[in-house]
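Here is the structure we will look at, set down as structure tokens.
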Amino acid sequence: MTWTRRDFVRTGSAFAAAGMLGLDGRVFTDPYAAARGHRAFRPLLQDPDARAIAMTALQAARDVGAGYADVRVTSGVLRQTSVSGRQIGLRRIAGSLNFGVRVLVGGAWGFASSTIFTEDEAARIARLAARQASENPWSRLETIELAAAPVVADGQWETPIDLDPWNYSIQDQLELQLEANELVLKIAEVGRPGLQVFSSFGFSMDDVVFASSEGSYTRQRLHNFAGNYVAQVISRDRRNFGSSSPGSFRTGGYGWEAIDGIPWAGDVEQSVEEAFMMLGAREPDVGRYDVVLGSGAVSSILNSTIVRALEYDRMLGYEMHAGGTSYLGPPEEALGQFSFGNPMLNVRATGSVPRAAGMYKWDAEGVAPQDYQLIREGVLVDYFTSREFAPHLEWWYKQSGMPPGSRGTSGSAGTTVTQVVAPSIAVMDPGEDDVSVEDMIAATEDGIYFRDGGFASVDPPMLNMQGSGSGLIYEIRDGKLGDLLSRPQYLANTIDFWRSMDMVGGEDTFGYSGGGTIKGNPPQQIVRTVGAPAARFRNLNVFTYGRR
């Protein structure tokens with residue numbers, strides 16, 4: 001028998017799909033049948049068992065004295081593949097089915113979860129959560145009272161996608177990656193030494209059922225695509241490298257359309273060319289520069305230095321030994337008073353962005369996310385809150401004429417961990433004037449232009465930050481682009497950084513990028529989308545790790 005690449009991919013995929021839930025004897029005799037025989041995902045939107053689990057848990061919580069209870073039931077599936085060159089590194093389909101119960105007893109929280117999908121287990125978990133709440137020492141320090149929230153008695157929503165990725169097989173996914181990788185490898189074979197290619201694709205689907213003792217019952221199906229496709233070249237002495245990704249590669253709330261119809265041939269040629277251009281970039285001179293950041297770079301910095309700092313539980317110190325604290329507090333001294341000293345800085349939350357990663361119709365407490373202002377003309381005016389923390393700010397809402405209550409920004413990494421404050425979408429508004437990136441470059445005498453996205457890190461209080469780029473980075477001389485620069489980094493105090501922003505791009509420079517937050521113990525990594533325009537920042541301290 002002659003094996004083709006398609007046979008190899010299909011058989012390997014069958015082993016991966018069957019192996020995820022335990023070995024099936026058919027893997028050895030009929031691997032395709034074995035793969036088809038397993039379903040890692042249980043649809044919950046119309047599942048009477050999901051409702052029964054939720055109702056049983058709520059009743060058990062009431063029976064033991066809970067003043068409030070909510071239940072989240074989730075079934076999820078992830079199909080993930082990675083290919084390095086022509087070698088398949090990962091192919092797996094992972095499924096999950098679990099539920100979590102949160103209760104308030106005596107003004108304190110209790111939480112427990114399980115992967116055993118029975119009504120008896122639901123009742124046991126509810127009683128366990130209640131016992132945990134009754135023994136929670138926090139109740140002796142503060143009594144938790146939840147903000148009122150609208151009851152959604154029967155809600156259903158699904159991330160809008162064009163092509164259902166689960167109508168395609170894991171071998172379809174792998175073959176697309178192999179074919180795209182092959183385009184780079186053929187370029188490498190005709191005189192491009194050191195050229196490599198790596199791709200990773202992951203489709204996920206999660207059915208989430210939420211029920212509360214107040215009468216809410218919502219069902220959501222959340223789709224997401226995450227991945228990358230990178231052409232990389234390494235220098236002969238292995239001390240330098242360049243890498244680039246196609247500009248049309250999309251991640252977020254997509255189905256199969258995320259990877260279907262991408263003009264791989266043109267994108268690959270551009271990515272390879274840019275990777276070699278980066279390899280020849282020179283190191284920047286250490287010093288102070290005016291820095292022009294593209295939308296992706298601004299989004300990264302915004303998420304790390306402002307969006308996370310606006311999470312109310314982080315501001316209270318709940319994340320002190322996990323994700324850090326926040327400089328935006330205490331609220332009595334910060335709301336309406338703390339200023340970044342820059343009227344061009346306007347940040348808001350929003351509940352709906354087409355194709356946004358992490359977008360939902362109702363948050364992890366069954367509350368619809370709202371559109372509202374967080375920073376207005378550089379001044380702090382609100383936080384991301386949940387039903388637990390919104391009552392802390394009623395004095396401010398009353399004083400400011402703002403509606404009280406949760407803004408719908410409660411989230412979690414799944415139903416086996418409890419809810420935390422974690423918004424899904426945050427936006428920095430573009431400027432009113434139609435300022436382009438070209439305008440910013442033309443107005444810059446001595447600077448650096450970070451064209452693409454980037455990375456940002458901060459210290460625990462989020463007061464000191466470091467940023468970098470992930471694509472082509474150019475020097476700016478007398479209003480024009482100059483040499484390519486090799487991985488410059490910039491350092492700043494967070495407040496000084498945003499105060500130094502003196503040009504903000506218009507609508508045409510605005511874009512959305514993937515972001516996220518890490519919170520809690522055990523740690524939760526929660527996806528979010530951050531939008532921002534391009535912007536210019538004055539007199540930043542620039543250095544490079546490459547200097548020897």
Side-chain angles (χ1 to χ4, degrees), residues 42 44-45 47-76 95-149 151-155 206-220 313 318 362-367 386-389 391 406 410-421 519-524:
R42 176 168 177 166
L44 296 181
L45 301 192
D47 189 343
D49 291 342
R51 181 180 286 272
I53 291 287
M55 296 302 115
T56 299
L58 292 176
Q59 186 58 53
R62 294 189 193 97
D63 291 345
V64 292
Y68 170 83
D70 60 39
V71 183
R72 292 174 297 142
V73 186
T74 298
S75 179
S96 62
L97 178 63
N98 47 62
F99 67 92
V101 182
R102 185 178 67 158
V103 302
L104 267 180
V105 176
W109 285 122
F111 175 81
S113 64
S114 177
T115 59
I116 301 174
F117 205 62
T118 66
E119 293 180 45
D120 288 345
E121 179 71 354
R124 185 186 76 84
I125 289 298
R127 292 192 293 268
L128 179 61
R131 185 164 71 248
Q132 182 190 96
S134 65
E135 297 173 357
N136 191 336
W138 189 256
S139 62
R140 295 191 290 271
L141 302 175
E142 179 182 0
T143 298
I144 295 171
E145 295 182 2
L146 301 182
V151 172
V152 183
D154 185 18
D206 294 279
D207 276 10
V208 182
V209 173
F210 173 87
S212 76
S213 57
E214 297 170 334
S216 285
Y217 190 84
T218 65
R219 296 155 291 161
Q220 301 184 82
D313 52 356
Y318 282 33
W362 299 280
D363 74 353
E365 294 182 321
V367 179
S386 63
R387 293 188 65 187
E388 175 182 352
F389 298 116
S406 168
S410 175
S412 77
T415 54
T416 58
V417 287
T418 193
Q419 295 95 319
V420 294
V421 178
K519 303 187 69 171
N521 186 16
Q524 302 187 43

Checking [X] side chain against [Y] main chain: does a donor-acceptor pair fall under 3.5 Å?
X      : Y      : answer
Gln220 : Val208 : no
Ser134 : Arg131 : yes
Glu119 : Ala52  : no
Thr218 : Ala211 : no
Gln524 : Thr418 : yes
Asn136 : Trp109 : yes
Ser113 : Gly100 : no

Practice item. For residues Ala57 and Ala126, report the shortest heavy-atom separation together with the two atoms involved. Key: O-CB, 3.3 Å
Revision key, fill the gap. When Arg72, Glu365, Gln419 are each screened for side chain to side chain donor-acceptor pair (under 3.5 Å) with Ser412, the one that passes is Arg72
Practice item. Please lay out, stage by stage, how Asp313 and Val420 fare under the test side chain to side chain contact (heavy atoms under 4.5 Å, CB included). Key: CA-CA 8 Å; Asp313 52 356; Val420 294; 3.9 Å; yes
Practice item. State, with a plain yes or no, whether a side-chain heavy atom of Lys519 is found less than 4.5 Å away from one of Tyr318. Key: no
Check your understanding: With side chains defined as the heavy atoms from C-beta onward, is the minimum distance between Ile116 and Ile125 less than 4.5 Å?
Key -> no
Say you draw a straight line from [atom1] of [X] to [atom2] of [Y]; how long is it, rounded to the nearest 0.5 Å?
X     : Y      : atom1 : atom2 : result
Asp47 : Ser75  : CG    : OG    : 9.0 Å
Ile53 : Thr118 : CD1   : OG1   : 5.5 Å
Ser96 : Arg42  : OG    : CZ    : 13.0 Å
Leu58 : Ser212 : CG    : OG    : 7.0 Å
Thr74 : Phe210 : OG1   : CZ    : 11.5 Å
Phe99 : Leu44  : CZ    : CG    : 12.5 Å

Check your understanding: Between Asn98 and Thr415, do the side chains contain an N or O donor and an N or O acceptor separated by less than 3.5 Å?
Key ->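 Yes - a donor-acceptor pair under 3.5 Å links their side chains.
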Check your understanding: Do Arg387's NZ or CZ and the ring of Tyr68 fall within the cation-pi criteria of under 6.0 Å and 45°?
Key -> yes
Exercise for review: Go through the steps to decide whether Ser114 and Glu121 satisfy the test side-chain hydrogen bond (donor to acceptor under 3.5 Å, both in side chains), and finish with yes or no.
Suggested key: CA-CA 8 Å; Ser114 177; Glu121 179 71 354; 2.7 Å; yes
Review point. So, are Arg102 and Glu388 salt-bridged, with charged N and O less than 4.0 Å apart?
Key: no
